[in-house]
Amino acid sequence: VQLQASGGGLVQAGGSLRLSCVASGRTFSMYAMGWFRQAPGKEREFVAAISRGGGSTYYVDSVKGRFTVSRDNARNTVYLQINSLKPEDTAAYYCAADRLFPVVAGADYDYWGQGTQVTVSS
């Protein structure tokens, strides 16, 4: 599985972004998907995960209510909607795929996409 993330950018605090991650291949629906982020000088942080069918989601407490993960298996795409952006959301955001759900440890994920940068100005 190859993953391609996009949708990052420079936004003002309070704004919104929708990140996308497109997967190659016909096995996308066999994988749960996760989103992680890494800010400069900080460790990679789990953000959200979604089950293979999309019926279950899981979030880190710090983003609950502002982040929404969803997926469209027909389009081989997982999304991360980020609302009410804060400067502390500034980071490179990564998508990842794993057969299990929910998985919060990045080391357990099988496949990773490249990051898409989100920068929030105050």
Side-chain angles (χ1 to χ4, degrees):
V1 177
Q2 292 186 321
L3 304 173
Q4 179 80 29
S6 63
L10 173 64
V11 295
Q12 290 187 331
S16 298
L17 279 175
R18 188 176 79 159
L19 308 183
S20 300
C21 174
V22 180
S24 64
R26 295 177 289 178
T27 61
F28 178 68
S29 61
M30 296 175 61
Y31 290 89
M33 298 297 295
W35 284 97
F36 291 76
R37 64 185 179 185
Q38 188 167 21
K42 295 187 177 181
E43 293 186 352
R44 182 176 56 195
E45 174 190 26
F46 168 81
V47 172
I50 187 166
S51 60
R52 289 178 288 180
S56 297
T57 56
Y58 186 80
Y59 301 91
V60 67
D61 286 346
S62 60
V63 306
K64 286 181 180 178
R66 295 193 302 120
F67 287 28
T68 303
V69 59
S70 61
R71 67 190 295 163
D72 183 341
N73 284 348
R75 297 179 184 271
N76 280 12
T77 304
V78 61
Y79 304 98
L80 185 67
Q81 177 71 38
I82 310 175
N83 297 326
S84 302
L85 277 156
K86 304 176 181 180
E88 51 264 43
D89 294 321
T90 294
Y93 283 72
Y94 299 86
C95 56
D98 191 78
R99 292 185 181 271
L100 301 178
F101 171 85
V103 177
V104 299
D108 292 336
Y109 277 80
D110 295 329
Y111 302 99
W112 287 85
Q114 90 298 347
T116 185
Q117 180 67 36
V118 172
T119 303
V120 185
S121 62
S122 57

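Scope of the values below: all heavy atoms of this structure, side chains included, with no hydrogens, waters or symmetry mates.
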Colleague: Report yes if the distance between the aromatic ring centroids of Phe46 and Trp35 is under 6.0 Å, otherwise no.
Modeller: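 Ring centres of Trp35 and Phe46 not closer than 6.0 Å.
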Colleague: Donor-acceptor check, side chain of Gln114 to backbone of Ala5, threshold 3.5 angstrom: yes or no?
Modeller: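 Yes: the side chain of Gln114 pairs with the backbone of Ala5.
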Colleague: How would you list, by chain and number, every residue that makes a side chain to side chain contact (heavy atoms under 4.5 Å, CB included) with Ser70, sequence neighbours excluded?
Modeller: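 Side chain to side chain contact (heavy atoms under 4.5 Å, CB included) check on Ser70 returns Tyr79.
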Colleague: Tell me which pairs pass disulfide (SG to SG under 2.5 Å) where either residue lies in residues 35-90, with sequence neighbours left out.
Modeller: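 Every pair satisfying disulfide (SG to SG under 2.5 Å) with a residue in residues 35-90: there are none.
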Colleague: Rounded at 0.5 Å granularity, tell me how far OG in Ser16 sits from CD1 in Ile82.
Modeller: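 So the gap between those two atoms works out to 9.0 Å.
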Colleague: Is the shortest side-chain heavy-atom distance between Gln12 and Ser122 below 4.5 Å?
Modeller: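 Gln12 vs Ser122: side chains apart.
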Colleague: In the structure I gave you, are the side-chain heavy atoms of Val22 and Leu3 within less than 4.5 Å of one another anywhere?
Modeller: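 Not touching, per the 4.5 Å side-chain cut-off.
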Colleague: Between OG1 of Thr68 and CZ of Arg18, what distance do you get to the nearest 0.5 Å?
Modeller: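 Atom-to-atom, Thr68:OG1 and Arg18:CZ are 11.5 Å apart.
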Colleague: Name all residues meeting the side chain to side chain donor-acceptor pair (under 3.5 Å) criterion together with Asp72; count only those two or more places apart in sequence or in a different chain, and write none if there are none.
Modeller: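 Listed in chain order: Arg75.
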Colleague: Applying side chain to side chain contact (heavy atoms under 4.5 Å, CB included) to Tyr59 and Val47, what does each step give before you reach the verdict?
Modeller: CA-CA 6 Å; Tyr59 301 91; Val47 172; 5.7 Å; no
Colleague: Holding to side chain to side chain donor-acceptor pair (under 3.5 Å), I want the full list of residues that pass it with Lys86, two or more places apart in sequence or in another chain.
Modeller: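 Here no residue qualifies.
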Colleague: With a 4.5 Å limit on heavy-atom distance, are the side chains of Val1 and Asp110 in contact?
Modeller: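 When only atoms from C-beta onward are counted, Asp110 and Val1 do not touch, as no gap falls below 4.5 Å.
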Colleague: Throw together a table of side-chain donor-acceptor distances under 3.5 angstrom for residues 91-105, partners on residues two or more places apart or in other chains.
Modeller:
unit_1 : atom_1 : unit_2 : atom_2 : d
Tyr93  : OH     : Arg37  : NH1    : 3.0
Tyr93  : OH     : Asp89  : O      : 2.7
Asp98  : OD2    : Leu100 : N      : 2.9
Arg99  : NH2    : Tyr31  : OH     : 3.2

Colleague: Could you walk me through whether Phe67 and Leu80 satisfy the side chain to side chain contact (heavy atoms under 4.5 Å, CB included) test, starting with their C-alpha distance in whole Å, then the side-chain angles of each, then the deciding distance to 0.1 Å, before giving a yes or no?
Modeller: CA-CA 7 Å; Phe67 287 28; Leu80 185 67; 4.1 Å; yes
Colleague: Is the number of heavy atoms from other residues, nucleotides or ligands under 6.0 Å of Gln2 CD greater than 12?
Modeller: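 12 or below, so no.
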Colleague: Is a donor on one side and an acceptor on the other found under 3.5 Å between the side chain of Arg71 and the backbone of Asn76?
Modeller: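 Flag not set: sc Arg71 to bb Asn76 has no pair under 3.5 Å.
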Colleague: Considering all heavy atoms of both residues, which atom of Ser20 and which atom of Thr77 are nearest to each other, and what is their separation?
Modeller: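 Heavy atoms of Ser20 and Thr77 come nearest at CB-CG2, 4.2 Å.
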Colleague: Which residues satisfy the side chain to side chain donor-acceptor pair (under 3.5 Å) test with Gln81, sequence neighbours excluded?
Modeller: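 For Gln81 the side chain to side chain donor-acceptor pair (under 3.5 Å) partners, ignoring immediate neighbours, are Asn83.
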Colleague: Where do Gly7 and Leu17 come nearest, in terms of heavy atoms and distance?
Modeller: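 Answer, listing the atom of Gly7 first, then Leu17: O-CD2, 3.7 Å.
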Colleague: If the condition is side chain to side chain contact (heavy atoms under 4.5 Å, CB included), which residues does Thr119 pass it with, not counting sequence neighbours?
Modeller: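 Side chain to side chain contact (heavy atoms under 4.5 Å, CB included) check on Thr119 returns Leu10, Thr90, Gln117.
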Colleague: For Val78 and Ile50, what are the C-alpha separation, side-chain angles and deciding distance, and is it a side chain to side chain contact (heavy atoms under 4.5 Å, CB included)?
Modeller: CA-CA 9 Å; Val78 61; Ile50 187 166; 4.0 Å; yes
Colleague: Which is it for Val120 and Glu88 under the side chain to side chain contact (heavy atoms under 4.5 Å, CB included) test, yes or no, and what are the steps along the way?
Modeller: CA-CA 8 Å; Val120 185; Glu88 51 264 43; over 6 Å; no
Colleague: Under 6.0 Å from the six-membered ring centre of Phe28 and within 45° of its axis: does the NZ or CZ of Arg52 meet both?
Modeller: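 Judged by the rule (NZ or CZ under 6.0 Å from the ring centre, within 45° of its axis), Arg52 is not positioned above Phe28.
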Colleague: Could you tell me whether a side-chain N or O of Tyr111 sits under 3.5 Å from a main-chain N or O of Ala23, the two making a donor and an acceptor?
Modeller: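 Checking the backbone N and O of Ala23 against the side chain of Tyr111, no donor-acceptor pair under 3.5 Å is found.
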